[in-house]
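Quick notes on the structure that follows.
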Amino acid sequence: MAGGLERVYGTEEDKVNCSFYIKIGACRYENKCQRIHSIPPISQTILFKHMYQNSPMEVAIASGNAVSQAGIEEALEKFENFYEDVFLKLAEFGEIEDLIVCENIGDHLVGNVYVKYTSELFAESCFNALQNLSYENRPLQMEYSPVLDFSSAKCKQYIDGTCQRGGACNYLHLKKISTKFKKSLFNQMYEEHPEYRDKKEKEVPEKSPKKNKKKDKKSKKKKSSSSRESSRRNSIERQKMINDWNETGIQNVSQAQKMMYGNNMPAPVYTPKVSMRTSPELLQLQLQLAALKEQLAAIKMS
């Protein structure tokens, strides 16, 4: 009997516990759900409900609407500032394993921030320290989360670029962030808190003279800040993320047209993406490519 209960716990067969809450840490029915949402008394993961405030531009991106290049750049800049600020603050309480922010716009997921520490003790330290505090003049809504494996909480179709539910999906759509930028934040965490890395590697840190300690720390902080700024401004990966967002928007529009028109879908109209960085020569090539695509579409329709 006990073995059977363990087998079905957290699955669709579990008629007592909400499988979505166990897997995602949030449920669209919230308090009205007919199944139990068991908040763990302690966990490595803390959920900050609705902590991140999306701008109208970010809502448009999450919904798959067409957004200008400048708009996407602005949204990325805003999010990276938030991510850096929150990551470095949370790192003061313990070693972070991962920090993710939801792009979903459903009421139960919008703006949700999950931080997973490498130890429950670190998470407890953070949870206790931030009680009754606010972020950007809004009280923090914290709770321990049952989610320990973000891979099962993420929307696989969103990762593949095929999710048709967009921001309304009930699985996690994570806000994109440059791997290089994220790595620079982890490096800074270990520089400012060498005890995290030393404990992991089971090495005893060498003691430096007190008179140079402050200078070394300042130098490291300046170096990591410069490296992180470089990661944000000049990353090829960051430009790829912008292009991916543009392509995702086009795919979502195409899927919506297929659902509306079926087999009678009109020929697609290609509009070249023009930005401040687009040279006249490149624009001419884009227009020529647009004309070729329209010709091919007309041939296929005939």
Side-chain angles (χ1 to χ4, degrees), residues 48-90 98-107 109-115 134-138 140 154-155 158-159 161 163 165-169 172-186 188 224-254 256 269-280 282-283 286:
F48 296 86
K49 292 183 176 180
H50 318 306
M51 184 181 184
Y52 184 72
Q53 294 291 290
N54 289 291
S55 64
M57 193 70 68
E58 290 170 296
V59 174
I61 291 171
S63 303
N65 297 328
V67 177
S68 67
Q69 181 88 358
I72 294 174
E73 286 276 6
E74 181 185 336
L76 269 176
E77 184 75 16
K78 174 179 176 292
F79 174 60
E80 286 177 342
N81 287 336
F82 169 86
Y83 194 94
E84 178 182 356
D85 184 33
V86 172
F87 184 99
L88 296 178
K89 179 62 179 177
L90 295 178
D98 202 0
L99 175 69
I100 63 172
V101 181
C102 294
E103 190 171 63
N104 309 66
I105 54 177
D107 290 343
L109 289 174
V110 63
N112 283 1
V113 177
Y114 296 79
V115 59
S134 300
Y135 184 82
E136 293 185 344
N137 299 319
R138 292 183 304 108
L140 291 174
K154 297 175 187 175
C155 174
Y158 174 74
I159 295 171
C163 181
R165 291 184 59 83
C169 183
L172 300 188
H173 288 196
L174 306 189
K175 282 186 171 292
K176 298 179 176 68
I177 191 157
S178 162
T179 302
K180 191 174 180 181
F181 175 50
K182 193 172 182 178
K183 185 177 179 181
S184 72
L185 291 174
F186 273 94
Q188 182 173 346
S224 60
S225 177
S226 174
S227 174
R228 189 168 63 256
E229 194 69 17
S230 174
S231 300
R232 294 174 63 173
R233 307 296 180 194
N234 304 319
S235 173
I236 296 174
E237 182 183 11
R238 189 168 186 263
Q239 185 59 42
K240 182 178 181 299
M241 286 161 50
I242 293 171
N243 295 337
D244 287 344
W245 263 342
N246 284 330
E247 294 301 325
T248 301
I250 293 170
Q251 289 171 7
N252 288 341
V253 171
S254 177
V269 178
Y270 177 81
T271 304
K273 298 190 237 346
V274 183
S275 73
M276 293 173 65
R277 300 184 183 88
T278 303
S279 65
L282 180 58
L283 179 58
Q286 286 182 325

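- For the pair Asn112 (side chain) and His50 (backbone), a donor-acceptor distance under 3.5 Å is present.
- No donor-acceptor pair closer than 3.5 Å links the side chain of Asp85 to the backbone N or O of Asn81.
- The aromatic rings of Phe181 and Tyr83 are tilted relative to each other, their planes meeting at an angle between 30° and 60°.
- Considering only heavy atoms from C-beta on, Lys175 comes within 4.5 Å of Asn54 through its side chain.
- Under the 3.5 Å distance criterion, the side-chain polar atoms of Glu58 are matched with a main-chain donor or acceptor of Ser55.
- Contact check for Val86 versus Phe48: no side-chain heavy atoms found under the 4.5 Å cut-off.
- Tyr52 has its side chain out of reach of Cys102: every pair of non-hydrogen atoms, C-beta onward, lies at least 4.5 Å apart.
- Using modelled atom types, one side-chain atom of Ser178 and one backbone atom of Lys180 make a donor-acceptor pair closer than 3.5 Å.
- Applying the 6.0 Å contact sphere to NZ of Lys49 captures no more than 12 heavy atoms from other residues, nucleotides or ligands.
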Derivation of the side-chain contact (heavy atoms from CB on, under 4.5 Å) call for Met57 and Lys78: CA-CA 11 Å; Met57 193 70 68; Lys78 174 179 176 292; over 6 Å; no
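- By the salt bridge (charged side-chain N to carboxylate O under 4.0 Å, His left out) test, Lys154 is found to be paired with no residue, residues two or more places apart in sequence or in another chain being considered.
- When the salt bridge (charged side-chain N to carboxylate O under 4.0 Å, His left out) test is applied to Lys183, no partner is found at least two apart in sequence or on another chain.
- In this structure, Phe87 and Leu185 approach most closely via the heavy-atom pair CE2-O, 3.5 Å.
- In this structure, the side chains of His173 and Ile105 stay at 4.5 Å or more apart for every pair of heavy atoms.
- The one candidate from Leu109, Val110, Leu174 that meets the side chain to side chain contact (heavy atoms under 4.5 Å, CB included) condition with Asn104 is Leu109.
- The shortest heavy-atom contact between Ala75 and Ile61 is CB-CD1, 3.9 Å.
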